[in-house]
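One structure is given below, encoded as structure tokens.
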Amino acid sequence: MKTAVLISGTGSNLQALIQRWQAGGSAYDLKLVVSNKKGVPGLLRAQEANLPTAVIEHLAYPDRDHFDQAMDACLEKHQIELIALAGFMRLLTPWFVKKWSGRMINIHPSLLPAFQGLHTHKKALEYGVRYSGCSVIFVDDGVDSGAIIDQAVVEVLPDDDEARLAKRILAQEHIIFPQALDDVARGKVRLTQGRALRTG
Ligand code: GAR
């Protein structure tokens with residue numbers, strides 16, 4: 001399935017998707033990387049993998065609607081069928097989410113529905129949870145509220161700070177995100193009545 005990855009920064013999850021794709025046999029076929037910020041490391045990772053890139057800077061558009069229209073036009077131009085949000089830090093407009101419903105997934109660094117939004121590791125440490133982790137979801141028009149495709153659990157250790165916890169969770173993200181994208185591309189998981197339904 002022709003797949004675009006949307007990023008805003010480092011792109012380590014993008015790298016994990018690239019590695020699985022380059023190994024061969026994945027049902028997703030990477031065709032495009034879009035960043036809403038120029039000069040971010042993720043763009044270099046894409047270029048090193050010979051992937052077409054596009055920079056669509058949100059600051060260049062008067063509002064979210066126009067920004068999403070520009071992204072949608074770019075995705076259509078590349079005949080994209082599936083979208084992976086890999087550290088893409090922009091909220092998307094309801095029409096864009098609706099259009100790509102069931103075909104757009106996101107990786108989030110917490111065990112949803114706990115700790116939606118930003119600063120998840122800080123929130124987890126402040127709350128004092130014993131376990132955190134990461135979740136892959138189908139994107140809906142709420143904030144990190146979509147149907148859960150997969151999750152990985154990470155123990156919070158007594159001496160954890162945000163950086164240490166983030167590092168261990170990121171390692172799990174790199175495992176479950178490529179797998180979830182492959183499962184969706186393969187049709188093994190489908191968005192059905194607001195749930196991620198597994199058929200294979
Ligand atoms: C990842 O931890 C991802 O889960 C998180 O941003 C990081 C991006 O890292 N995404 C969100 O917080 C989305 N709400 P990466 O650029 O190295 O993949």
Side-chain angles (χ1 to χ4, degrees), residues 3-22 28 30 32-49 51 53-58 64 67-68 71 83-93 96-97 100 104-127 129 131-156 160-182 184:
T3 303
V5 185
L6 273 49
I7 61 166
S8 299
T10 311
S12 71
N13 275 291
L14 165 65
Q15 192 71 53
L17 298 178
I18 289 172
Q19 268 161 20
R20 170 124 183 191
W21 171 66
Q22 284 178 333
Y28 65 86
L30 297 183
L32 176 67
V33 173
V34 181
S35 173
N36 67 309
K37 288 187 182 168
K38 63 182 173 194
V40 295
L43 285 168
L44 279 180
R45 297 179 195 266
Q47 282 153 15
E48 275 163 19
L51 282 171
T53 59
V55 176
I56 303 175
E57 287 184 283
H58 60 278
R64 286 188 197 280
F67 170 65
D68 285 4
M71 279 207 306
I83 300 174
L85 306 183
F88 181 71
M89 304 308 269
R90 300 294 302 167
L91 293 176
L92 296 161
T93 42
F96 185 93
V97 170
W100 292 96
M104 177 160 61
I105 72 170
N106 184 32
I107 177 80
H108 181 78
S110 76
L111 286 178
L112 291 171
F115 312 129
Q116 292 153 323
L118 300 173
H119 312 300
T120 52
H121 308 308
K122 186 167 183 279
K123 288 176 189 166
L125 291 169
E126 279 175 4
Y127 199 94
V129 292
Y131 298 93
S132 190
C134 49
S135 309
V136 184
I137 58 171
F138 281 111
V139 179
D140 71 3
D141 55 11
V143 177
D144 302 318
S145 57
I148 294 169
I149 299 167
D150 199 9
Q151 295 184 301
V153 176
V154 172
E155 188 176 2
V156 180
D160 264 344
D161 58 14
E162 277 183 63
R164 276 195 287 267
L165 182 58
K167 192 175 171 193
R168 294 202 311 286
I169 290 177
L170 200 58
Q172 293 301 312
E173 295 181 35
H174 297 162
I175 297 168
I176 67 168
F177 198 35
Q179 184 61 48
L181 185 61
D182 191 62
V184 172

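Read the numbers this way: they start at 1 and go in the same order the structure lists the ligands and their atoms. The model shown is predicted, which means the values in this text are computed figures rather than measured ones. Throughout, numbering of the chain's residues begins at 1 and tracks the sequence.
Protein heavy atom at the shortest distance from atom 15 (P) of ligand 1 is Ser12 N, 3.4 Å. For atom 9 (O) of ligand 1, the closest non-hydrogen atom of the protein is Asn13 ND2, 4.1 Å. Of all protein heavy atoms, the one lying nearest to atom 10 (N) of ligand 1 is Ile107 O, 3.6 Å. Here the heavy atom of the protein found nearest to atom 16 (O) of ligand 1 is Gly11 N, 2.7 Å. When only non-hydrogen protein atoms are considered, atom 6 (O) of ligand 1 lies nearest to Gly87 CA, 3.8 Å.
If you look at Leu170 next to ligand 1, the close heavy atoms, those under 4.0 Å, all belong to the side chain.
Counting heavy atoms from C-beta outward, Met71 and Leu6 have side chains that approach closer than 4.5 Å. Side-chain contact check for Phe67 versus Thr93: every heavy-atom pair is 4.5 Å or farther apart. Between Gln179 and Ile176 the shortest side-chain heavy-atom distance does not fall below 4.5 Å.
The backbone N or O of Phe115 sits less than 3.5 Å from a side-chain atom of Ser110, completing a donor-acceptor pair. Ser135 places a side-chain N or O within donor-acceptor distance of the main-chain N or O of Leu112, the cut-off being under 3.5 Å.
Checking Ile137, Val184, Leu181 one by one against Ile149, the side-chain contact (heavy atoms from CB on, under 4.5 Å) holds for a single residue, Val184.
For ligand 1, the polar-atom distance check finds no N/O of Met89 at less than 3.5 Å from any of the ligand's N/O atoms. Checked by distance only, ligand 1 and Asn106 stay at 3.5 Å or farther apart across all their nitrogen or oxygen atoms.
Between Arg90, Gln15, His108, His119, it is His108 that holds the heavy atom closest to atom 14 (N) of ligand 1. Taking each of Pro109, Pro41, Ala166, Gly42 in turn, the one with a heavy atom nearest to atom 11 (C) of ligand 1 proves to be Pro109.
Applying the 4.0 Å criterion to heavy atoms of Glu173 picks out, from ligand 1, the atoms 1 (C), 2 (O), 3 (C), 4 (O). Those atoms of ligand 1 that come under 4.0 Å of a heavy atom in Thr10, given as number and element, are 16 (O), 17 (O).
A search for salt bridge (Lys or Arg N to Asp or Glu O under 4.0 Å) contacts involving Lys167 returns nothing, not counting sequence neighbours.
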Legend entry - Residues Thr120, His108; criterion side-chain hydrogen bond (donor to acceptor under 3.5 Å, both in side chains); working and verdict: CA-CA 9 Å; Thr120 52; His108 181 78; 5.2 Å; no
